[in-house]
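We number each residue from 1, following the sequence as shown.
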Amino acid sequence: MNTTINEVLTFVKENDVKFIRLSFCDIFGQQKNMSIMASELESAFKRGVSFDANSIKGFSDVTNSDLFLFPDPATLSVLPWRPGPGRVLRMYCDVRNPDGGQFPNDSRAILKAVLARGEKMGYTCNVGAECEFYLFKQDDKGKPTQEPLDNGGYLDIAPLDKGEDIRRDICLALEEMNIQPETSHHEQGPGQNEIDFKYNDALESADNLQTFKWAVRAIAARNGLFASFMPKPIANAAGSGLHINISIAQNGKNLFKSTRDGHSAEAENFIAGVLAKAADMTVFLNPIINSYDRFGKFEAPKYVSWSHNNRSQLVRIPAATGERVRMELRSPDPAVNPYLAFALIISAGLDGIEKKLPLPPTADIDLFDDNKAETQPLKTIPSDLEQAVLLAQNSTFVADVVGAGFLEKYLSAKQKELRDFAAAPDAETFYKERYFPTI
């Protein structure tokens, strides 16, 4: 969408818009927003709207706490679940310092910088996200329980699948917000669902993923349910993944090709770059302790490997043709900050192209079978958050992408999370109190 400021102001006047939600996220991807009246929007475009950055995780301390939100007119969207009269509009924002300069810990700006690098190299990236989530019942006080909505399984239908009407409402809301849903279905776990929406350029896809999670939570709550994006909310059931699909184009032409045609050198270099840096960036792709309970089962990868079609791999090339041919990274989960995740993955791929990294041989085996003779030569992604933190701490690649100051704040918070976990009575209690209500 290439909406201009004047077009937004005209839309507001002509469509009974009363409130504007100015949205952004903290360094962990937790969405935040501030509402302003429609009459203040023109001023927001010109001068920004101040907020207390000391109260946002990973931003500024109390001695330097004034930051400003500048709405991005290209992200205009009406919130369809908000009642009228008086429509509510949402726009994502750039975060700036009082002098107008870019705030370095704005993760949306970090992604923009990576995309600008790609464009300078002559490449554009399309990203699609396949996001899984669970629906749980609420108690009579409206608090989430850990009882899933149903006991359905993969691609089940009603009455086993009790989430089909919720998914329908979510898809219709996404359409109203100019996000194109493509498929929806019940997933493997009880109460687990998946809705996939059309790929787009990486920045818009990150915005869309944030909007998607907002819509899922809002519509679930409207139906007396609680939506959880926790990676592993039920110990013995499938975890929720966030499969990230990426293709690269040069002069409008997709550089990934169908399996029978092979791939361009650049596409192979891109995949090789992602594989080379997969371990370094895992702390951002799997950002909480619970994330690591997924790995190695229920189609969640464990090894740094790739293949065609094979769902046991870290990277697979799905069967597709034309513009839909892409690589799929299967390790990330829905707890990510999507701006950082996309920035790191794309940057790793661009490094691969710059360095002409060779693509290692495919691992055309079932890695869930865990045959020691076949898996022994393969590297693994980090097995827990502590290992992931150490790898990122020593990675010049990660520091170059997100910035040394950003990385220090992020990892410091993760180290505290590990200490809190060590002090907890047990993992189940920690997960229930720390993650389940908010992720």
Side-chain angles (χ1 to χ4, degrees), residues 25-30 57-58 105 107 110 131-132 134 228-244 274-275 277-304 314 329-345 348 379-399 401-439:
C25 68
D26 65 20
I27 66 172
F28 307 107
Q30 189 72 29
K57 290 180 181 178
N105 287 5
S107 49
I110 290 171
C131 192
E132 298 168 341
Y134 273 83
S228 173
F229 291 94
M230 187 172 156
K232 187 79 167 173
I234 301 176
N236 297 315
S240 288
L242 174 68
H243 300 155
I244 297 176
V274 173
L275 292 172
K277 299 302 182 186
D280 286 20
M281 57 188 173
T282 294
V283 73
F284 291 93
L285 306 184
N286 307 98
I288 65 174
I289 295 164
N290 177 258
S291 296
Y292 297 83
D293 293 354
R294 280 180 61 234
F295 289 160
K297 47 189 174 292
F298 291 106
E299 298 188 359
K302 177 179 177 182
Y303 298 97
V304 179
L314 177 64
L329 184 65
R330 295 179 61 81
S331 62
D333 64 59
V336 301
N337 177 333
Y339 302 103
L340 299 179
F342 295 177
L344 286 158
I345 297 165
K379 294 181 179 179
T380 61
I381 51 179
S383 59
D384 57 40
L385 183 65
E386 183 175 14
Q387 185 183 1
V389 167
L390 288 172
L391 287 168
Q393 206 167 32
N394 295 311
S395 174
T396 55
F397 161 74
V398 172
V401 176
V402 303
F406 186 106
L407 182 60
E408 182 180 359
K409 285 189 174 184
Y410 186 94
L411 295 184
S412 176
K414 292 295 138 184
Q415 288 163 339
K416 182 180 185 304
E417 190 173 328
L418 287 164
R419 292 193 297 271
D420 291 346
F421 180 69
D426 55 69
E428 184 179 355
T429 301
F430 183 83
Y431 289 170
K432 185 177 180 180
E433 294 177 355
R434 182 71 165 255
Y435 301 140
F436 187 69
T438 58
I439 291 177

Apply side-chain contact (heavy atoms from CB on, under 4.5 Å) to residues Phe229 and Cys131 and explain how you reach the verdict. CA-CA 9 Å; Phe229 291 94; Cys131 192; 3.7 Å; yes

For [X] versus [Y], what's the shortest heavy-atom pair and its separation?
| X | Y | answer |
| --- | --- | --- |
| Tyr292 | Ala388 | OH-CB, 3.2 Å |
| Val398 | Ala392 | CB-O, 4.4 Å |
| Pro334 | Ser240 | CD-O, 3.1 Å |
| His243 | Arg330 | CE1-NH1, 3.4 Å |
| Pro287 | Tyr410 | CB-OH, 3.3 Å |
| Ile110 | Ala343 | CG2-CB, 4.1 Å |

Is any side-chain heavy atom of [X] closer than 4.5 Å to a side-chain heavy atom of [Y]?
| X | Y | answer |
| --- | --- | --- |
| Asn105 | Lys409 | yes |
| Phe284 | Leu407 | yes |
| Tyr303 | Lys379 | no |
| Met281 | Val401 | no |

Is the CD atom of Glu386 crowded by more than 12 outside heavy atoms at less than 6.0 Å? no

Between [X] and [Y] (side chain of the first, backbone of the second, donor and acceptor by atom type, cut-off under 3.5 Å), is there such a pair?
| X | Y | value |
| --- | --- | --- |
| Asn337 | Ile27 | yes |
| Arg294 | Ser331 | yes |
| Asp280 | Ser395 | no |
| Thr282 | Leu285 | no |
| Lys232 | Ala237 | yes |
| Glu132 | Gly241 | yes |
| Gln387 | Ser383 | yes |

Sorted by chain and residue number, the side-chain contact (heavy atoms from CB on, under 4.5 Å) partners of Glu417 (sequence neighbours excluded) come out as Ile288, Ile289, Leu385, Lys414, Phe430, Arg434, Tyr435

Nearest 0.5 angstrom please: [X] [atom1] to [Y] [atom2], how far?
| X | Y | atom1 | atom2 | value |
| --- | --- | --- | --- | --- |
| Glu433 | Thr438 | CD | OG1 | 12.0 Å |
| Phe406 | Leu340 | CZ | CG | 4.5 Å |
| Ile244 | Ile345 | CD1 | CD1 | 4.0 Å |
| Ile381 | Leu275 | CD1 | CG | 11.0 Å |
| Met230 | Ser291 | CE | OG | 9.0 Å |

Do Asn286 and Val336 pass the side-chain contact (heavy atoms from CB on, under 4.5 Å) test, and can you show the C-alpha distance, the side-chain angles, and the key distance before you say yes or no? CA-CA 7 Å; Asn286 307 98; Val336 301; over 6 Å; no

Show me the side-chain donor-acceptor pairs of residues 422-429 shorter than 3.5 Å, one per line, residues at least two apart or across chains.
from: Asp426; atom 1: OD1; to: Glu428; atom 2: N; distance (Å): 3.2
from: Asp426; atom 1: OD1; to: Thr429; atom 2: N; distance (Å): 2.7
from: Asp426; atom 1: OD1; to: Thr429; atom 2: OG1; distance (Å): 2.9
from: Asp426; atom 1: OD2; to: Thr429; atom 2: OG1; distance (Å): 3.2

